[in-house]
Amino acid sequence: MSAFIDELNSRLTDLRQQNLFRELRRVDSPQSPRLTIDGRSFLNFSSNDYLGLANEPALKEAAIEAIRKFGAGTGASRLVCGSLGPHHELDEVLANFKGTPAALAFTSGYAAATGTIGALMDSNDVIVLDKLVHASIVDAARLCGAKVRVFGHNNLNDLEKILRWADTRHTMPSIIQTERKPRTLIVTESVFSMDGDHAPLREMAELKEKFGAWLMVDEAHATGLYGSARRGLAEELGVSAKIEIQMGTLGKALGSAGGFICGQRPLIDYLINRARPFVFSTAPVPAAAAAATAGVRFVESAAGEQRRNKLWANVEAFQRATETENKSGAMERRHKPSAIIPIMIGEESRAMKIAAALREQGIYIPAIRYPTVAHGQARLRVTLSATHEPEDITQLRAALQSAMNLKS
Ligand SMILES: *Cc1c(COP(=O)(O)O)cnc(C)c1O
């Protein structure tokens, strides 16, 4: 036992020396622009609760009502006896919201990614990933044993080269011996989680059609925020109908927890049969499913439209301010709006120092470091919410200015 503990302690020491050690901070308040941590109040710019729904009365009421009617737990996986009313309602509401024939909710976005990719692909297939896709997709691709190829971030030329290679590979005699035709699946995020930029979904959809590949788009940071029905970036770009597999999460703008897949009925029926994290895992608790349903309904309503507009007004205010005050280029203005605004720092130790200086001023933005982003690309990931007020943004701006001027 002591040798085991010694080894772990030595590994932890390495992490500390590399400025990569992480620890939990206990939050004693709901998600909101203000967080209580260790008895102190902080202005929070790190949540993915973009529309402020995590603490919205309509979602809380729905969760409480579901607990009253269906209890705290689900007792089994959905395929055994845990497929409760709130789960069916959520699947229906999601399909309707996204305008697809069917949908399936998972306990997490991570489970949706690993379950779906694992169900569809195996060692005969090729998975083509954007260099910056989320860890859940990377893990899914590795787990299923398919050949994995990575294209440069949003680089269509690179993607096309890989698709051409996959196409010739699939027609090689040694490959076509297998029972089914080998497939190529392209996976991207629509709005990237750590950079906030957008994938060229239209061009990607054209490429996948040209090469007969499938396309899966993770809208974790776009659901509820883009498009006239707030379905996501695919809606805004008018390409939803071309995407075989639309993924989203319930724990960001939708205010609850979980993940989902939308698409044609056969896709959903196949996932119910084959997605291992769906088949072999206890169904999400009724409260989570009911809160998510209320979150979708909120997003669909006029109040959802108002929140979305307020969020973009906040993003605009922050960008305008940093544009005039910071000419160093550290915070670039983008043409396309995103609630995720990374402030690139580089070195891990400097990012930690700046985050600590911000905490001193009552601003909470943890430094994002490896392995969430590449080594030497540490950053402050500022996220804005519809529930921030103009004064909050003024305060953030002032705190950032003084913290960024720290000597490294
Ligand atoms: C958060 C996130 C996930 C995982 O979703 P969870 O519900 O938190 O497990 C997947 N993809 C992206 C892009 C994410 O940001």
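Note that these values count all heavy atoms, side chains included, but never hydrogens, waters or copies made by symmetry. Atoms within a ligand are numbered from 1 in the order they appear, just like the ligands themselves.
Residue contacts with ligand 1, taken as heavy atom pairs separated by less than 4.0 Å, involve Ser136 solely via side-chain atoms from C-beta onward.
Here Glu305 pairs with Arg230 in a salt bridge; the nearest charged N to carboxylate O distance falls below 4.0 Å.
The Glu189 neighbourhood of ligand 1 comprises atoms 13 (C), with distances under 4.0 Å to a heavy atom of that residue. For ligand 1, the atoms lying closer than 4.0 Å to a non-hydrogen atom of Gly109 are 4 (C), 5 (O), 6 (P), 7 (O), 9 (O). Close approach of ligand 1 to Tyr110 (heavy-atom distance below 4.0 Å) involves ligand atoms 4 (C), 5 (O), 6 (P), 9 (O). With ligand atoms numbered from 1 in the order given, ligand 1 contributes 10 (C), 11 (N), 12 (C), 13 (C) to contacts under 4.0 Å with heavy atoms of Asp218.
With hydrogens and angles left out, the side-chain atoms of Gln361 and Ser402 include a donor and acceptor closer than 3.5 Å. At a cut-off of 3.5 Å, with distance as the only test, a side-chain donor of Arg381 or Asn48 sits close to an acceptor on the other residue. Judged purely by distance below 3.5 Å, without hydrogens or angles, the side chains of His134 and Tyr110 never pair a donor atom with an acceptor atom. Side-chain N/O atoms of His198 and Ser338 include no donor and acceptor closer than 3.5 Å. In the model, Ser228 has a side-chain atom that pairs as donor or acceptor with a side-chain atom of Glu235 under 3.5 Å.
By the 30° and 60° cut-offs, the orientation of the rings of Phe106 relative to Phe278 is perpendicular.
For ligand 1, the polar-atom distance check against Ala220 finds no nitrogen or oxygen pair separated by under 3.5 Å. Of the N or O atoms in His221, one or more lie within a sub-3.5 Å distance of an N or O in ligand 1.
Of all protein heavy atoms, the one closest to atom 2 (C) of ligand 1 is Lys252 NZ, 2.4 Å.
Heavy-atom proximity to atom 3 (C) of ligand 1, evaluated over Glu219, His134, Met247, Met194, is greatest for His134.
For the ligand labelled ligand 1, residue Gly258 lies inside the 4.0 Å heavy-atom shell.
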